[in-house]
Number of protein chains: 2
Amino acid sequence: MQKQTIGCVKAATAVLGDKWTPQLLRFFANEPAVRFGSIQDFVEGINPRTLSARLGNLEQEGVIQKITKPNTTRCEYCLTEKGKALIPILTAMETWSRTYES
Amino acid sequence: MQKQTIGCVKAATAVLGDKWTPQLLRFFANEPAVRFGSIQDFVEGINPRTLSARLGNLEQEGVIQKITKPNTTRCEYCLTEKGKALIPILTAMETWSRTYES
DNA sequence: CAGTATCCGTATCGATACTG
DNA sequence: CAGTATCGATACGGATACTG
């Protein structure tokens with residue numbers, strides 16, 4: 001999704017509107033910290049290029065935090081407080097989707 | 001935004017993820033019924049082609065309802081119950097955006 | 001007034017191969 | 001393992017002119 005200028009929902013849609021992002025956040029919500037490879041395994045179909053882009057966005061938005069383990073190339077991603085605050089919204093969206101699905 | 005296959009949030013993001021849609025829904029939320037021209041006036045910058053596409057989507061998703069006045073080309077759009085149920089989510093997104101805006 | 005038709009630039013995303 | 005580079009398809013949306 002292209003960066004939107006949509007008033008007060010701007011930030012939220014800039015984060016949630018991209019393809020894969022909701023799944024990613026759902027996954028993050030259930031794990032304290034995840035690695036790149038784990039995400040690829042869990043979110044089937046996403047390719048590294050796209051995943052990398054999403055993680056970059058989310059980190060820049062302050063929704064997730066990247067922690068690189070010292071002396072390794074290993075790193076982990078986890079939700080920030082800002083990211084955790086997104087979970088209830090995601091849940092509400094899921095509820096809505098299930099309630100009104102045809 | 002391209003149609004996504006994102007599990008349980010699918011429907012919600014398919015509706016909310018498009019450019020302009022949040023503003024449109026906000027506008028609908030405050031008016032019992034609106035005409036095409038009013039929307040164009042209110043949502044500055046949207047062009048008829050795009051507005052038409054959004055309205056088509058939203059109607060097809062059952063989020064809004066189109067009512068054509070008999071014997072005229074005039075018509076009005078208003079939220080359905082399904083559409084009204086989206087408002088709290090939109091509000092939550094706005095709150096989140098305002099809370100964490102840099 | 002309420003759209004539709006056409007054209008076109010750009011953003012987005014997938015596939016795939018490659019790197020430190 | 002954790003990405004980046006490159007290429008290409010296509011979806012999205014803006015501008016504009018036109019129609020019933």
Side-chain angles (χ1 to χ4, degrees), chain A residues 1-7 9-10 13-25 27-28 31-61 64-78, chain B residues 1-7 9-10 13-25 27-28 31-61 64-78:
Chain A
M1 185 178 69
Q2 124 191 40
K3 287 285 178 261
Q4 300 183 3
T5 308
I6 43 185
V9 237
K10 188 173 76 125
T13 52
V15 167
L16 296 174
D18 290 313
K19 191 170 177 182
W20 300 112
T21 307
Q23 280 117 302
L24 292 176
L25 293 177
F27 186 44
F28 286 133
E31 305 285 335
V34 285
R35 285 174 298 108
F36 196 93
S38 312
I39 306 173
Q40 279 188 302
D41 293 343
F42 186 81
V43 182
E44 290 177 43
I46 197 169
N47 70 62
R49 183 192 159 286
T50 303
L51 176 53
S52 183
R54 289 300 163 275
L55 293 175
N57 269 343
L58 292 174
E59 194 189 352
Q60 206 175 342
E61 299 268 4
I64 63 172
Q65 199 177 354
K66 178 181 182 173
I67 296 154
T68 307
K69 305 234 169 172
N71 305 324
T72 66
T73 58
R74 296 269 179 129
C75 60
E76 292 183 338
Y77 299 90
C78 61
Chain B
M1 187 178 69
Q2 122 190 43
K3 288 284 177 262
Q4 300 183 4
T5 309
I6 42 184
V9 236
K10 187 172 76 124
T13 52
V15 167
L16 296 174
D18 291 313
K19 190 171 177 183
W20 302 111
T21 307
Q23 280 117 300
L24 291 176
L25 292 177
F27 186 44
F28 285 133
E31 305 285 334
V34 285
R35 284 174 299 108
F36 196 92
S38 311
I39 306 172
Q40 278 188 302
D41 293 342
F42 185 81
V43 183
E44 290 177 43
I46 197 170
N47 70 61
R49 183 192 161 285
T50 303
L51 177 53
S52 183
R54 290 301 164 274
L55 293 174
N57 269 343
L58 292 173
E59 194 188 353
Q60 206 175 343
E61 298 270 3
I64 61 172
Q65 199 177 353
K66 178 181 181 174
I67 296 154
T68 306
K69 305 233 168 170
N71 305 325
T72 67
T73 60
R74 297 267 180 131
C75 61
E76 292 183 340
Y77 299 90
C78 61

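Side-chain atoms are counted along with the backbone in the values below, which use heavy atoms only and exclude waters and symmetry mates. Here is the naming used below: chain letters follow the sequence lines, and residue numbers restart at 1 for every chain.
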Run A/T68 and A/T73 through side chain to side chain contact (heavy atoms under 4.5 Å, CB included) and show every step you take. CA-CA 7 Å; A/T68 307; A/T73 58; over 6 Å; no

Test B/V43 against B/L24 for side chain to side chain contact (heavy atoms under 4.5 Å, CB included), laying out the working first. CA-CA 7 Å; B/V43 183; B/L24 291 176; 3.9 Å; yes

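Nearest-nucleotide positions on DNA chain D place A/F36 closer to the 5' end than the other of A/F36 and B/I46.
With contacts defined as side-chain heavy-atom distances shorter than 4.5 Å, the pair A/Q65/A/E59 does not qualify.
Listed nucleotides: D/dT16, C/dC13, C/dT16. Nearest to the side chain of A/P48: C/dT16. For A/W20, taking side-chain heavy atoms from C-beta onward, the closest of the listed nucleotides C/dT4, C/dG14, D/dG3 is C/dG14. Of the candidates C/dG3, D/dA2, C/dC13, D/dA2 carries the atom nearest the A/R35 side chain, counting heavy atoms from C-beta on. Comparing D/dC1, C/dA15, D/dG3 by their nearest atom to the side chain of A/R74 picks out D/dC1. Counting only heavy atoms from C-beta on, B/R54 has its side chain closest to D/dC12 among D/dC12, C/dT4, C/dG3. Between C/dC13, D/dC12, D/dT4, one nucleotide has an atom nearer to the side chain of A/K19 than all others, and that is C/dC13.
As rounded to whole Å, 13 Å separates atom C1' of D/dA15 from atom CD of B/Q40. Atom pair A/N47:CG and D/dA2:P shows a separation of 16 Å (rounding to whole Å applied). In this structure, CG of B/N71 is placed 17 Å from C1' of C/dA2, rounded to the nearest angstrom. Rounded to whole Å, atom P of D/dA15 lies 14 Å from atom CG of B/L51. Per the geometry, CD1 belonging to A/I67 stands 14 Å off P belonging to D/dA2, to the nearest Å. Counting to the nearest Å, the P atom of D/dA2 and the CD1 atom of A/I64 are 13 Å from each other. We find that CG of A/L24 is positioned 14 Å from C1' of C/dC13, with the value rounded to whole Å. Separating the CG atom of A/D18 from the P atom of C/dA11 is a distance of 14 Å, rounded to the nearest angstrom.
When heavy atoms are screened at a 4.0 angstrom cut-off, A/R49 is found touching base atoms of the nucleic acid. Nucleic acid contact for A/K69: none, since no nucleic acid atom lies under 4.0 Å from a heavy atom of the residue.
Proximity of A/T73 to the phosphate of D/dC1: no side-chain N or O atom is located under 4.0 Å from OP1 or OP2. Contact check, B/K66 against C/dG3: a side-chain N or O comes under 4.0 Å of OP1 or OP2.
Remark: C/dA17 base-pairs with D/dT4. Criterion, Watson-Crick or G-U wobble with two distances under 3.5 Å.
Here the straight-line distance linking atom CZ of A/R74 with atom CD1 of A/I67 works out to 15.0 Å at 0.5 Å rounding.
B/F28 and B/Y77 have tilted rings, their planes meeting at an angle from 30° to 60° on a 0 to 90° scale.
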